[in-house]
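Read through the structure below, which is laid out as structure tokens, and then see the notes.
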There are 2 protein chains.
Amino acid sequence: MTARPEPRFARVASLIADPSRARMLALLLSGEARSAGELAHAVSITPQTASTHLSQLLDAGLVKLRAQGRHKYFMLADADVARLLETLALVAERDSVAARWETPMYRPLKYARTCYCHLAGELGVKQHLALIERGVLVEAEDGALALRETSREWLQAAHFDDAKIATLYRESTKKRFAYGCMDWSMRRDHLAGAFATTLLEHYLDKGWLRKTKTQRALASTPAGAAMFAKLF
Amino acid sequence: MTARPEPRFARVASLIADPSRARMLALLLSGEARSAGELAHAVSITPQTASTHLSQLLDAGLVKLRAQGRHKYFMLADADVARLLETLALVAERDSVAARWETPMYRPLKYARTCYCHLAGELGVKQHLALIERGVLVEAEDGALALRETSREWLQAAHFDDAKIATLYRESTKKRFAYGCMDWSMRRDHLAGAFATTLLEHYLDKGWLRKTKTQRALASTPAGAAMFAKLF
DNA sequence: GCTATGCTTCGATCTTCGTCGAAACATTCT
DNA sequence: AGAATGTTTCGACGAAGATCGAAGCATAGC
């Protein structure tokens, strides 16, 4: 009778539905690449089982693969997948969000964490807001965010050297250079895209942020705190 | 050892993963309320089965319920759930998106459709862009979109009467009055929120848009086409 | 009250799929 | 070449859960 589009998203959901796969995907949300064995160990399953899971995720395009010798490194396929996982978490956690984020265990995660390869949490949202408010990034007609000529000042204030700045301007014409990504702890956008990735790497490089023992949490150093107060 | 947060989103994903539940959710994406029996029939399962499914969705907060006599009407819990489903679809369909949307069957869906209770598709994206570009909506400091005093002109041009306009301004202080929602066919934001819902109802009222036989597709009438050309 | 209709609970069945042991395959190192 | 390590394939087992028939509740209308 009526052509009812069999929802293809059920397949994707079923891939995320399995606890082992979900845990692997959650690990990969940090943006780092992990080998099959690492992932298996991290979620407490045998390598065989992990292998089947990973090949399924690969087939569905949720993860991508970089083979290196006898190792296979997996990462999330792209930022859309990361966005999907964060959106899923937003819905899954919303009842308990307010309470949960204030517990000591989650506090650092709320302040700053990695989402895919960029900065999320309070600091990530603040960054997103500040860059738009100060006109460092402007929304182009296609919804993406772009650098302006005057953005150079901010980049210099953030201690980027001239070579790096030139590179950024060159990359800024590419698709998905910078755009908003929903933050599930803040329910607001934070900054995503290649530019966001570069910024995060830069902050880590300069020692303004450091990774913590907790999977995805980031802490700002004293120098970083001072810097961020100026920049955001 | 390390406190690894068992990903709660796996539970949500598993709820969407079942084909029957997924089809029901897809139906509810139109924003309309459907009774349990209707849903059962629409996805070709018995009422008993549908009942168990719906109670699970209810428990998880994916749908909400309005009981009316011996009928129970279900709808998506809120716009976050709609956003989740659209994000899921974005990832699920992305390989075939470009091709798929151009097939005759999907063409009307791409032009305009309902997403939860608001307008999506090309027309929805155009509306979002136009309202921001013309300054009818401005982004507040918390990321939400708000009306301005000068927005009254646009509302009048859209044939809203003074009483309705007053109501809109009163509502505009509420949370989630207007904000962006990712559109999976356009990969851009369209307008969501209470304001977007009102606009869509208004367009249908005025006969500028009409529902089609296809589930969620909307078609614009000649009068509507002329109107939208002016407004967007 | 009784009957019809819509929804839910219970029990049983059947399918799907995650899991691991065993063995194979691939790559690197000596 | 041979050993060690990382990953994959195969087969079997077992648990989870989707489904439906039958019976039970609840509401609306007579």
Side-chain angles (χ1 to χ4, degrees), chain A residues 4 6-28 32-75 77 92, chain B residues 4 6-28 32-75 77 92:
Chain A
R4 63 163 166 250
E6 178 74 35
R8 211 182 276 249
F9 59 72
R11 171 71 190 149
V12 175
S14 80
L15 286 171
I16 306 174
D18 176 76
S20 300
R21 282 192 297 257
R23 302 242 300 275
M24 293 199 259
L25 289 171
L27 281 176
L28 294 176
E32 295 164 13
R34 304 283 261 256
S35 76
E38 279 179 306
L39 287 168
H41 182 254
V43 306
S44 310
I45 54 180
T46 60
Q48 311 93 289
T49 306
S51 176
T52 58
H53 283 318
L54 289 168
S55 69
Q56 289 178 77
L57 293 175
L58 198 60
D59 283 349
L62 293 188
V63 301
K64 62 185 174 187
L65 169 63
R66 196 167 44 105
Q68 218 166 68
R70 52 186 169 189
H71 296 265
K72 292 198 174 175
Y73 287 96
F74 291 88
M75 27 189 331
Chain B
R4 66 166 162 246
E6 177 74 33
R8 210 183 275 250
F9 59 72
R11 171 74 191 146
V12 175
S14 80
L15 286 171
I16 306 175
D18 176 76
S20 300
R21 281 192 299 256
R23 301 244 297 276
M24 292 198 261
L25 290 171
L27 281 176
L28 294 176
E32 296 165 10
R34 303 287 197 102
S35 75
E38 279 178 306
L39 287 168
H41 182 256
V43 306
S44 309
I45 55 178
T46 61
Q48 310 93 293
T49 308
S51 176
T52 57
H53 284 319
L54 288 168
S55 71
Q56 287 178 79
L57 293 175
L58 198 60
D59 283 349
L62 293 189
V63 301
K64 63 185 173 187
L65 169 63
R66 195 166 44 104
Q68 222 167 63
R70 50 187 170 186
H71 296 266
K72 291 198 176 175
Y73 288 96
F74 291 89
M75 26 190 331

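Sequence lines set the chain letters: A, B, ... in the order given, protein chains first and strands last, and positions in each chain run from 1. The structure presented is a predicted model; accordingly, all values stated were derived computationally and were not measured.
- Between the CG atom of A:Leu57 and the C1' atom of D:dT7 there is a distance of 16 Å, rounded to whole Å.
- Residues satisfying the side chain to side chain contact (heavy atoms under 4.5 Å, CB included) criterion with B:Ser20, sequence neighbours excluded, are B:Asp18, B:Ile45, B:His53.
- Annotation for A:Ala40 and A:Ala50: closest pair CB-CB, 3.5 Å, computed over non-hydrogen atoms.
- What separates CG of A:Leu65 from P of D:dG6 is a distance of 17 Å, to the nearest Å.
- Among the nucleotides D:dT7, C:dA22, C:dC7, the one closest to any side-chain atom of B:Ser35 is C:dC7.
- Neither OP1 nor OP2 of C:dT19 sits under 4.0 Å from any side-chain N or O of A:Thr46.
- The interatomic distance linking A:Arg34 (CZ) with D:dT7 (C1') rounds to 18 Å, in whole Å.
- The distance from atom CD1 of B:Ile45 to atom C1' of D:dG21 is 15 Å, rounded to the nearest whole Å.
- Look at CG on A:Leu54: it is 18 Å from P on C:dC17, rounded to the nearest Å.
- Within the model, atoms CD1 of A:Ile16 and CD1 of B:Ile16 stand 8.5 Å from one another, a figure rounded to the nearest 0.5 Å.
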Can you check nucleotides 15-18 of chain D for protein contacts, nitrogen or oxygen pairs under 3.5 Å, and list what you find?
unit_1	atom_1	unit_2	atom_2	d
D:dA18	OP1	B:Arg21	NH2	3.3
D:dA18	OP2	B:Arg21	NH1	3.2

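- Atoms OG and CD, on B:Ser14 and B:Gln56 in that order, are 8.0 Å from each other to the nearest 0.5 Å.
- Looking at B:Leu15 and B:Leu25, their side chains never come closer than 4.5 Å, going by heavy atoms from C-beta outward.
- Taking CG from B:Leu65 and CG from B:Leu54, the interatomic distance works out to 9.0 Å, rounded to the nearest 0.5 Å.
- Proximity of a side-chain donor or acceptor of A:Arg21 to a complementary backbone N or O of B:Ala10 within less than 3.5 Å is not detected.
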**Asked** Reading DNA chain C 5' to 3', how would its secondary structure be written in dot-bracket notation, given Watson-Crick and G-U pairs with both distances under 3.5 Å, brackets [ ] for crossing pairs and | for partners on other strands?
**Response** ||||||||||||||||||||||||||||||

Listing time: all N or O pairs from protein to nucleotides 3-5 of chain C that are below 3.5 Å?
unit_1	atom_1	unit_2	atom_2	d
C:dT5	O2	B:Arg70	NH1	3.4

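- A:Met24 places its CE atom 12 Å from the P atom of D:dT7, with the value rounded to the nearest Å.
- Atoms CE and CZ, from A:Met24 and A:Arg34 in turn, are 12.0 Å apart once rounded to the nearest 0.5 Å.
- Checking C:dT9, C:dT8, C:dG21 against every side-chain atom of B:Thr52, the shortest atom distance belongs to C:dT9.
- A distance of 13.0 Å separates CZ in B:Phe74 from NZ in B:Lys64, rounded to the nearest 0.5 Å.
- Listed by chain and number, the residues in a side-chain hydrogen bond (donor to acceptor under 3.5 Å, both in side chains) with B:Ser35 are B:Glu38 (sequence neighbours excluded).
- Atoms CD1 (A:Ile16) and P (C:dG18) sit 13 Å apart, rounded to a whole Å.
- Here the P atom of nucleotide C:dT8 and the CG atom of B:Asp59 are 12 Å apart, to the nearest Å.
- For B:Lys72 and C:dT8, the shortest distance from a side-chain N or O to OP1 or OP2 is below 4.0 Å.
- Residues passing the side-chain hydrogen bond (donor to acceptor under 3.5 Å, both in side chains) test with A:Thr46, sequence neighbours excluded: A:Gln48, A:Thr49.
- Taking NZ of A:Lys72 as the start and OG of A:Ser55 as the end, the distance is 9.5 Å to the nearest 0.5 Å.
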